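As structure tokens, the structure follows; a few thoughts come after it.
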Amino acid sequence: MVEKIQAGVAMLKVIESWGVDHIYGYPGGSINSTMDSLQKEQENIKYIQVRHEQVGALAAAADAKLTGKVGVAFGSAGPGAVNLLNGLYDAKEDHVPVLAIVGQVPHDRMNYDYFQEFNEAPMFDDVAVYNRVVMTPESLPYVIDKAIRMAYKENGVAVVIIPNDFGYVQITDNHYSTERTRNQEQPKPEPDVEMVREAWDMIKAAKYPVFHLGQGARGATKEIEQLSEKLQIPIIITGLAKGVVPDDYKGNVGPSNRASSKVANELIKKTDLLISIGANFPFALAVYGDRPFKYIQVDNDQAIFGRHHSLDLGIWSDAKLFIEKLSEISDDVAPSPFYKAAVAAQKDWRTYLKGLMDRTEGPLEYEQVYKQINRVAEEDAVFSMDVGDNTINSFRFLDMNPKQKILTSALFATMGCGIPGAMASKLSFPDRQVFNIAGDGAFSMVMQDMITEKRYNLPIINIVTSNRHLSFIKSEQDDVPQAEFGVDLTDADYAKIAEGMGVKGIKVDTPDQLEGAFDEAMKEVDAGRPVLIDANITDKRGIPVELDLSSEDSVYTPEFLKKWDAEQLKPFDEYLAEYSAE
């Protein structure tokens, strides 16, 4: 006797076979067959009911970023499908595998202008690497399996649109999954030895070489530190590479551009050789696209060679394998005055940042909030960082190590990614401490999903830095310059809003309240409950190190330094002179 299975259940069994244990979505009439299947399979796959499809798609993207495994979200026909797009574009831009299941009206109602029916496939053409409408119930599990395979193959979004009636149909119970072939490990490209020797020759000829390290070098922490010391080369990182090298490593000068350290920007202006390793730096054209330095690019994706700067040498290689090979063939370099100058400048920059965090007088400011985050953060904590001023502040003030993870919407940079990322973090790593760090603008876009945190007992530490402005955009308007417009926000008591959703809310208005607030928050999460800290900070801007701080056109005037509480900072050229590196 031929065994039968409901097509929607067969679909879920395929998804389960790929290691997916939870799926995000919101019910709708055109997705009810999937809901019925989820009810039948609830012992094998957990349904996470979000309160907006955007949150579900962003959380699925965050799952993929955190674990490398495909994330899954669904939405119903019409508005549900449209709401998925924001999170799907985030997945596309950050190149992670996501499966989107999209509802459609029953197949015999299609093309009759039925309620909520529209031609959904064209809408997903740009965002998806695989975009299909299921044509028969029998093909549903096959198409889902193919979609997951394509999402992995292309590191992108796969969309499957399902007429609602198909999911109910009984089909032959075959083994539809091809997941077992996923276990075949992909070979990592090894560097061409002669090209590594050429890179070593270029390093020896350079006066001011720097590494620009991306998250492609994750897993090579010890190796890149040793190479940096051996060759006396300071390390600039991309934002997403924060934590790849510990922040307390003396040769790590942090990220460049606006979300950056002063020293990183100065080194990019000074360097005559930049060695990019596993880095996809989206601001490259603005920051160093026209700089006259020599450029070595190391990447495992040949398609991106030359994207950031005119290429002097491109090496197709896994980042760690390149670092190991360069270390093997290179000689120890004598102590470098340039490296010493970079280390000294970074030490002074971090001293400046610590002074801002340690202040106890005056109003509550964001630096003091980050001091408390660092105080309570565990060594393997996950930080879901929303988009806005907290991007800059997190890159500058979080003290991170390679065991920790930072998560954001990197290239698409969509506000409202903080809560979804935190939920995905807690679901993917239930035993790890998870923070959601968001400004009031970003948080208010998705704050309804604190209900989701409460519903599923996700002990997340939500931190809202409330300054009543879209500060990142306000600063951009100031720099144009133009009159500030549309960037002020109506205030709200987010602690009370949290309480209304069943989440403990803690209001903080002064610096002396911070430590007690964080201690109280830790008690909540230790008890297995989410918590929210509403920090009522000023709208002060951090020092804009992306401005030209070079000695040739210096802004290091007494007026500038006083405005940014930065009297102790000095141009990098002074460090070069101090260490006779000119």
Side-chain angles (χ1 to χ4, degrees), residues 19-26 38 42-52 55-56 58-60 62-63 65-67 69 71-73 369 372-386 398 400 403-407 416-438 443 446-465 493-508 513-535:
V20 176
D21 60 9
H22 60 270
I23 178 172
Y24 307 93
Y26 200 71
L38 282 166
Q42 60 184 303
E43 297 300 319
N44 300 316
I45 189 167
K46 189 173 186 178
Y47 163 53
I48 305 297
Q49 182 201 78
V50 293
R51 301 307 288 265
H52 195 289
V55 170
L58 284 168
D63 276 331
K65 295 175 192 180
L66 288 163
T67 68
K69 294 196 306 184
V72 186
V369 176
Q372 294 303 315
I373 296 173
N374 289 331
R375 178 177 71 88
V376 303
E378 296 175 357
E379 67 171 3
D380 63 348
V382 183
F383 303 98
S384 181
M385 175 185 69
D386 218 314
L398 282 181
M400 290 187 61
K403 294 182 181 179
Q404 295 170 329
K405 291 179 178 288
I406 196 165
L407 182 70
C417 65
I419 283 180
M423 293 194 306
S425 300
K426 203 62 189 176
L427 289 164
S428 295
F429 303 110
D431 296 328
R432 296 174 72 164
Q433 186 188 53
V434 174
F435 293 83
N436 161 38
I437 306 172
F443 180 77
V446 292
M447 61 186 176
Q448 77 283 338
D449 269 278
M450 274 195 302
I451 298 174
T452 310
E453 296 182 18
K454 173 67 175 177
R455 178 183 178 106
Y456 297 103
N457 300 311
L458 302 176
I460 293 165
I461 307 154
N462 297 280
I463 300 166
V464 184
T465 50
D493 190 328
Y494 295 103
K496 284 186 177 180
I497 291 171
E499 294 281 355
M501 297 185 188
V503 175
K504 175 73 173 179
I506 306 170
K507 187 79 171 176
V508 181
Q513 297 173 336
L514 265 178
E515 185 170 343
F518 272 81
D519 289 343
E520 186 177 357
M522 293 307 106
K523 292 177 182 177
E524 283 293 302
V525 295
D526 287 345
R529 298 185 293 266
V531 66
L532 180 134
I533 296 174
D534 183 4

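A quick note: this is a predicted structure, and the numbers were derived from the prediction, not measured. Side chains included, hydrogens not; waters and symmetry mates left out as well; all remaining heavy atoms used.
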Any donor-acceptor N or O pair under 3.5 Å, side chains Asp63, Tyr24: yes
Report the C-alpha distance between Leu532 and Met447 in whole Å, list the side-chain angles of each, state the deciding distance to 0.1 Å, and finish with yes or no for side chain to side chain contact (heavy atoms under 4.5 Å, CB included). CA-CA 11 Å; Leu532 180 134; Met447 61 186 176; over 6 Å; no
Tell me whether Asp386 contacts the main-chain N or O of Ile437 through its side chain, where contact means a donor paired with an acceptor under 3.5 Å. no
Would the distance check show the side chain of Glu499 and the main-chain N or O of Gly505 forming a donor-acceptor pair, the cut-off being under 3.5 Å? yes
Do Ile497 and Phe443 have side-chain heavy atoms sitting under 4.5 Å apart? no
Heavy atoms of Val382 and Arg432 approach each other most closely as CG2-NE, 4.0 Å
Does Arg51 form a side chain to side chain contact (heavy atoms under 4.5 Å, CB included) with Tyr26? I'd like the steps, not just the answer. CA-CA 7 Å; Arg51 301 307 288 265; Tyr26 200 71; 4.2 Å; yes
Are the side chains of Gln448 and Val55 in touch, meaning some heavy atoms are under 4.5 Å apart? yes
Nearest 0.5 angstrom please: Lys65 NZ to Cys417 SG, how far? 7.0 Å
Has the side chain of Asp449 got a donor or acceptor atom that lies under 3.5 Å from a matching backbone atom of Val50? no
Between Leu407 and Ala62 the two heavy atoms that sit nearest each other are CD2-CB, 3.7 Å
Nearest non-hydrogen partners of Val369 and Ala535, listed with the distance: CG2-CB, 3.9 Å
Heavy atoms of Phe383 and Ala377 approach each other most closely as CZ-CB, 3.9 Å
Backbone N/O of Gly25 and side chain of Tyr47: donor-acceptor pair under 3.5 Å: yes
In Å and rounded to the nearest 0.5 Å, what is the CD to CG distance from Gln372 to Leu514? 5.5 Å
Looking at side-chain heavy atoms only, is the closest gap between Ile461 and Val434 below 4.5 Å? no
Looking only at heavy atoms, what is the nearest atom pair of Glu379 and Gln404, with distance? O-CG, 3.1 Å
Could you go through the side chain to side chain contact (heavy atoms under 4.5 Å, CB included) check for Tyr494 and Asn462 one step at a time? CA-CA 11 Å; Tyr494 295 103; Asn462 297 280; over 6 Å; no
Has the side chain of Asp534 got a donor or acceptor atom that lies under 3.5 Å from a matching backbone atom of Lys507? no
Begin from the C-alpha positions of Gln49 and Arg455 and carry the test side chain to side chain contact (heavy atoms under 4.5 Å, CB included) through to its verdict. CA-CA 9 Å; Gln49 182 201 78; Arg455 178 183 178 106; 3.4 Å; yes
Do Thr67 and Phe429 come close enough that some side-chain heavy atom pair is under 4.5 Å? yes
Taking Ile460 as the fixed residue, which of Val525, Asn436, Val531 is the one that meets the side-chain contact (heavy atoms from CB on, under 4.5 Å) rule? Asn436
Starting at CD1 of Ile406, measure out to OG of Ser425 and round the result to the nearest 0.5 Å. 11.0 Å
Check whether any side-chain N or O of Lys426 sits under 3.5 Å from a backbone N or O of Asp431 as a donor-acceptor pair, and report yes or no. no
Is there side-chain contact between Tyr456 and Met423, with at least one heavy-atom pair below 4.5 Å? no
Flag side-chain contact, heavy atom, 4.5 Å: Met450 against Ile419: yes
Closest approach of Pro459 and Gly528, non-hydrogen atoms and distance? CB-C, 3.7 Å
Would you mind reporting whether Leu458 and Pro530 have side-chain heavy atoms less than 4.5 Å apart? no
For Gly418, does its backbone N or O pair with a side-chain atom of Ser384 as donor and acceptor, under 3.5 Å? yes
Rounded at 0.5 Å granularity, tell me how far CG in Leu58 sits from NE2 in His52. 10.0 Å
Could you check whether Arg375 pairs with Asp519 (Lys NZ or Arg NE/NH1/NH2 to Asp/Glu carboxylate O, under 4.0 Å)? yes
Closer than 3.5 angstrom, by distance alone: can the side chain of Gln433 be matched with the main-chain N or O of Glu378 as a donor-acceptor pair? yes
